[in-house]
*Asks:* 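The structure is given below, and queries will be raised subsequently.
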Amino acid sequence: MQTRNVIRYLNRIDRRVLYTLLIIAITIPFFFTIQIRVPISRQTEQLYKVVEALPQNSFVLFGADWSASTRGENRAQSKALLIHLMRKKIHFIILCFDPQAKTLMQEMVTGMQKEYGYTDGVDWANFGYRTDQVNFLKGFGPDIPTTLSMDINGKRVQDLPVMRGIHTAHDITMLINVSGSTTTETYIDYLQGSYNLKMVAAVTSVMIPEMINRLDSGQLVGMMPGLQGAIEYEQKLGYIGKASAASVSASVAHLLIIALILLGNIYTLIEKRMSSSVRGRN
Amino acid sequence: MFSNLFHPLHGSSWYIAILGCFALAGILIAILQSLPHALRRPLIRIVTFLGGLYYAVEYFWPTHSMPIPGSPKHMGNFLTPFISPAANMLSVIAGWTIGLGTINLCQIHGKRLLHAKEGKLNSLVFFIAMIAMFTLAVLKQAHPNLINKNLYMLLFEGLYQALDSTMFALVAFFLVSASYRAFRVRTGEATLLMVIAMVVMLGQIALGQQLTIHLPDHGFWHNFRVEIIRDWILTKASSASVRAIAFGIGIGNLAVALRVWLGLERGAFFDS
């Protein structure tokens with residue numbers, strides 16, 4: 001009788017109960033500061049070493065192709081990479097193929113530049129949102145100044161000290177792409193391959209299986225895999241950022257999903273057994 | 001020669017050039033619209049073929065030293081100087097297609113609104129959102145004062161970005177509901193899928209990794225750490241299948257590209 005009541009209860013669980021459980025699972029951990037040390041994955045370790053090996057005053061193209069929808073993963077990834085670049089006094093320019101990334105990145109770097117002694121236009125520049133990635137990159141590779149033309153503040157490439165000596169893709173020391181879409185593959189197809197560029201990527205968790213092949217082939221020399229990669233990178237940098245703060249929430253949400261899958265299957269199993277025993281008695 | 005041809009313009013000459021381009025585009029569109037159907041097909045074929053041919057020849061033609069200001073080692077061939085202008089032209093054409101899409105959307109929603117059909121409220125919201133965003137974006141560029149900037153940011157960051165985050169976050173709620181109601185183990189394959197999914201999930205989260213963190217860093221038992229199993233699944237088992245799919249897609253894309261380039265494609269491009 002008791003088993004039957006449990007079955008009846010499990011069968012009647014309203015989806016709003018599940019939604020409430022998820023809200024609780026995500027929000028409660030935010031009220032506690034729990035620092036969990038995680039093992040560093042091979043991909044993140046590789047990425048860290050590549051950035052660490054960059055000489056001072058190298059020139060990095062930072063492709064930011066994410067929006068508010070994937071901010072949970074990509075923002076923490078971008079910040080961790082920018083901290084590493086700025087600590088090493090590496091010059092970089094930002095290029096976006098997502099309209100939201102332009103302002104999201106501008107806010108982030110503007111908030112960080114004072115701490116690291118960076119100046120807009122001198123040590124870094126934001127070239128904002130560009131449309132049609134394929135055709136843009138076809139022009140960008142052989143002639144960067146003409147294709148970029150001016151930054152988001154309206155300053156011409158020729159007037160930006162950060163762009164001094166940068167003419168073609170051969171002048172780029174490394175390409176970083178933080179992405180929540182297919183832009184990484186397009187960068188590989190139209191820029192990395194043609195100019196044999198050193199390229200690394202920070203991608204969302206769902207993109208990991210596709211990017212692992214690019215890593216195996218050597219097209220990528222490092223990868224930050226999802227939020228977990230950002231947590232690992234923050235750990236390597238010795239800094240507690242958004243990723244570390246969100247790690248418990250993300251973990252609890254995943255554990256809730258695992259628990260619900262198990263519960264749903266246990267319920268189905270019990271129900272199946274009960275119906276077969278009733279059939280057996282009849 | 002090329003730098004003079006594609007020289008950036010400023011001031012009044014920029015406005016004149018823009019107006020000239022619009023006038024030229026209008027005339028071209030009018031001519032193309034008046035062409036008989038029998039002529040349209042070969043015209044589209046020729047333009048498509050020449051466009052594709054340019055990029056193919058530029059890529060495969062042997063290169064030689066072609067120094068440009070600031071880059072003495074620059075390599076290229078006789079077609080390379082056109083790459084940047086061609087890319088700009090294609091971006092402009094892509095811009096026109098967005099305009100075409102906007103006109104199409106306006107037609108559909110306009111008809112729905114005028115005839116008071118079902119969903120007219122959504123159509124009204126579409127027009128309000130589009131006009132507000134367009135007006136404020138233009139105002140912000142033309143008169144970048146504090147009011148225009150703040151109003152634009154209110155819409156872009158306060159509304160558009162917030163809506164984007166919200167829409168994506170809703171996926172988590174659907175996932176939770178689906179994990180309880182739909183993920184049922186009925187066959188051996190489904191059981192295998194569930195076990196692998198759980199291991200990958202546990203290996204991808206900080207708390208999951210703590211389950212096996214006490215296992216040694218080296219040796220036989222190291223292989224049983226959840227993140228090592230996840231890594232093996234992703235880099236060996238899963239990547240093999242992803243690679244196979246990627247090869248298939250690549251070959252398919254090549255076939256489609258050749259069909260479009262050589263004008264063999266049927267359907268939207270050539271059939272009325």
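Every chain is numbered from 1, with letters handed out A, B, ... down the list of sequences. Just so we're clear, the structure is a prediction, and the values are computed from it rather than from any experiment.
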*Asks:* Could you measure the distance from the CD1 atom of A:Ile261 to the CE atom of B:Met194? Nearest 0.5 Å is fine.
*Replies:* 7.5 Å
*Asks:* Between A:Asn213 and B:Val242, is there a donor-acceptor pair closer than 3.5 Å when you use the side chain of the first and the backbone of the second?
*Replies:* no
*Asks:* Can you measure from CG (B:Asp231) to CD (A:Gln43) and round to the nearest 0.5 angstrom?
*Replies:* 5.0 Å
*Asks:* Please examine the side chains of B:Ser165 and A:Arg71, heavy atoms only from C-beta on, and report whether any two atoms are closer than 4.5 Å.
*Replies:* yes
*Asks:* At a heavy-atom separation under 4.5 Å, does A:Ser205 approach chain B through its side chain, its backbone, both, or neither?
*Replies:* side chain
*Asks:* What I'd like to find out is whether the side chain of A:Ile257 reaches to under 4.5 Å of the side chain of B:Val176, using heavy atoms alone.
*Replies:* yes
*Asks:* Test your reading of the model: is there a side-chain donor-acceptor pair from A:Asp132 to the backbone of B:Ala94, 3.5 Å cut-off?
*Replies:* no
*Asks:* Tell me, side chain or backbone of B:Ala206 under 4.5 Å from chain A's heavy atoms, or both, or neither?
*Replies:* both
*Asks:* Can a side-chain donor-acceptor contact be found between A:Gln228 and B:Glu227 if the only test is distance below 3.5 angstrom?
*Replies:* no
*Asks:* Side chain, backbone, both or neither: which part of B:Ala172 has an atom under 4.5 Å from a heavy atom of chain A?
*Replies:* both
*Asks:* If I measure from the heavy atoms of chain A, does B:Leu90 come under 4.5 Å with its side chain, its backbone, both, or neither?
*Replies:* both
*Asks:* Would you give the length of the straight line joining atom CG of B:Leu234 to atom OG of A:Ser41, rounded to the nearest 0.5 angstrom?
*Replies:* 10.5 Å
*Asks:* Check the side chains of B:Ser177 and A:Arg15 for a donor-acceptor pair under 3.5 angstrom, ignoring hydrogens and angles.
*Replies:* no
*Asks:* Tell me, for B:Gln209 versus chain A, whether the close heavy atoms (under 4.5 Å) come from the side chain, the backbone, both or neither.
*Replies:* side chain
*Asks:* Between A:His254 and B:Leu202, is there a side-chain heavy-atom distance shorter than 4.5 Å?
*Replies:* no
*Asks:* Which class fits the ring pair A:Tyr267 and B:Tyr180: parallel under 30°, tilted 30 to 60°, perpendicular over 60°?
*Replies:* parallel
*Asks:* Within this structure, what is the CG-CG distance for the pair A:Leu22 and B:Leu175, rounded to the nearest 0.5 Å?
*Replies:* 9.0 Å
*Asks:* Would you mind reporting whether B:Arg243 and A:Asp216 have side-chain heavy atoms less than 4.5 Å apart?
*Replies:* yes
*Asks:* Is any side-chain heavy atom of B:Glu157 closer than 4.5 Å to a side-chain heavy atom of A:Leu104?
*Replies:* no
*Asks:* Name the region of B:Gln210, side chain, backbone, both or neither, that has any atom closer than 4.5 Å to a heavy atom of chain A.
*Replies:* side chain
*Asks:* With a 4.5 angstrom heavy-atom cut-off, which part of B:Met198 approaches chain A: side chain, backbone, both or neither?
*Replies:* both
